[in-house]
Amino acid sequence: MEQKLIIYNTLSRKKELFEPLNPGYVGMYVCGPTVYGNAHLGHARPAITFDLLFRYLVHLGFKVRYVRNITDVGHLVADADEGEDKIAKKAELEKLEPMEVVQKYTNNYQWNMQMLNILPPSIEPRASGHIIEQIETVKKILNSGYAYESKGSVYFDVEKFARENEYGALSGRKVDDLLSNTRELEGQEEKRSPLDFAIWKKAQPGHIMRWPSPWSDGFPGWHLECTAMSTKYLGETFDIHGGGIDLIFPHHEAEIAQSKAANGKPSVRYWMHNNMITLNGQKMGKSLGNAISLNEFFTGSHPLLEKAYSPMTIRFFMLQAHYRSTLDFTNEALQAAEKGLARLMKAVGTLETLKISEKSTVDIAGLKEKCYAAMNDDLNSPIAIAHLFDGVRIINSINDGAEKINEAGCQELKSFFKSFIFDILGFKQEERKDEGGQEILSNIVDLLLNLRIEAKANKDWGTADKIRDELTKLGFEVKDTKDGFEWKLKK
RNA sequence: GGUCUCUUGGCCGAGUGGCUAGGCAACGGUCUGCAAAACCGUGUACGGCGGUUCGAAUCCGCCAGAGACCUCCA
């Protein structure tokens, strides 16, 4: 663990040396998806960002517990007063059990993540499986005096909390500013202040997702699950909390307040946030209606896509940008990424066949150092990848005889190059899909046999026989017919 | 309206006071009967106008444009 990892902490707005609470161990929590639709390109960004962090921490020798939740309850649809949550609404539309909807999209998400070669987290807890913990958290917050019950719902008292604690540090917001900006929404008379948010919500009569609690039959508030589950699995204070930059306010700010109110101390030491994917300069988001699902990327079935893009192309595309920058999606950029990745992977193959020389003319140790330096500087994967392409040039130059490498250098190059590409950046060799392979094969055999007909017409019996004999050797049965040929593949 | 961020060569994207990533495309070369592929090589760009400085894409100010958050959102 001689590498010094620096990460950007959203809370301090500075790059800080990462030092875990318990030496050698890291606890990290990342906000996962709300499973009410297929995962889109935007979901891939935090998943890949924090997969990179997870992989790198493990590579450095840390023992990491990585928790990424599945939100399957509690998020309210646009109007807070309706009390109808996203999952239930979708269930109504699709005439499915809420848990059926949740399962379907959870499966889809996990499958997409697997395609992207994202390692499964250590624990993937579901909000619906932690209702008891969330009720306990509500009780703790009530006991600390920072929440109040109102008509069966329980609200977090933001103004009281802010008077006695720091509130808004993560997002840089002040309570006064927030108050002056608040829109008046209907049906908020249960709350003392518009800034207050529900930590327990009484279910309306028609609401299907509901659980008993001391206050009402209802469901937990939409920020509470992360507090309850991170505390349960990582402790009251833990190292890293990640998520999309759009979650900073109000979600993460609410989490900070809830944890402090419930446990009396700050919960998270390093806050990390990935930036957004844009499409034609606009944020890609489900609610904006411009989200392209990962399934659509993998199959090319979206009007905006010129072709299908493989999971590894998408992974490479994202890692070629820093996680804290916005990344603009275009077909051109994705196709550039596809070609670049192919060149990188090809060099990995070439690496296996390099000729060893007595002396070495290349500096492998320096290259390796630069790659680590890039990763240590707030996971600068684009720089690391740039250096790996220097490695590609070195490998190709050795292969061409322009440079030389000795046995030790070659071993070092192989081990570090592969560990960066496969273990840390998480790329994998993709097999070409064999879809249409049969059709292509068939076309090729037809092509050969048509050539044979030409040869026969020219009385070039040598060529004609050669084609038939070679095909036979390969396992084909070729028969001449009156007006052409027939063939089939034996076995 | 409030808060914040961004503007880099044909495209995507790093960097951030002097050493001027990388990928794709383009161009040149090697190879090849020709072509393709592959490989090697080549690119002084940082929105505009001022200022600070020996020196600025990098710091400061103004202007223009774009975006994010303020509401569910990755």
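Below, chains carry the letters A, B, ... as their sequence lines are ordered, and counting in each starts from 1. Note that the coordinates shown come from a computational prediction; the quantities given were computed from them, not determined experimentally. Below, each value reflects all heavy atoms present in this structure, side chains not excepted, and no hydrogens, waters or symmetry copies.
Backbone-only contact: A/Ala333 has heavy atoms under 4.0 Å from sugar-phosphate atoms and none from a base. Within the 4.0 angstrom heavy-atom criterion, only backbone atoms of the sugar-phosphate kind lie near A/Leu327; the bases stay farther away. Counting any heavy atom pair closer than 4.0 Å across all strands shown, A/Gln335 reaches no nucleic acid atom. A/Thr278 comes within 4.0 angstrom of no nucleic acid atom, judged by non-hydrogen atoms across all strands. Contact annotation for A/Gly42: base contact, defined as any heavy-atom pair under 4.0 Å involving a base atom. Residue A/His40 is in base contact, counting any heavy-atom pair closer than 4.0 Å across all strands shown. At the heavy-atom level, A/Lys283 lies under 4.0 Å from base atoms of the strands shown.
Nucleotides B/U16 and B/C60 are separated by 15 Å at their P atoms, to the nearest Å. Rounded to a whole angstrom, the distance from the C1' atom of B/C31 to that of B/A25 is 22 Å. Only the P atoms considered, B/C70 is 28 Å distant from B/C59, to the nearest whole Å. Taking atom P on both B/A14 and B/U3, the two are 28 Å apart, rounded to the nearest angstrom.
When the C1' atom of B/U16 is taken as reference, atom NE2 of A/His322 falls 14 Å away, rounded to whole Å. The CZ-P distance, from A/Phe329 to B/G13, rounds to 12 Å in whole Å.
OP1 or OP2 of B/C24 has at least one side-chain nitrogen or oxygen of A/Arg343 nearer than 4.0 Å. A/Arg393 has a side-chain polar atom (N or O) that falls below the 4.0 Å cut-off from OP1 or OP2 of B/G23. Phosphate contact (OP1/OP2 of B/C39, side-chain N/O of A/Asn399, threshold under 4.0 Å): absent. Neither OP1 nor OP2 of B/A14 sits under 4.0 Å from any side-chain N or O of A/Gln320.
With a 6.0 Å cutoff to the six-membered ring centre and a 45° limit on the axis angle, A/Arg192 counts as a cation-pi contact of A/Tyr148. Under a cutoff of 6.0 Å and an axis angle of 45°, A/Lys286 and A/Tyr36 form a cation-pi pair. With A/Phe389 as the aromatic partner, A/Arg343 does not meet the cation-pi criteria of under 6.0 angstrom to the ring centre and within 45 degrees of the ring axis.
When both distances must be under 3.5 Å, the Watson-Crick or G-U wobble mate of B/A68 is B/U3.
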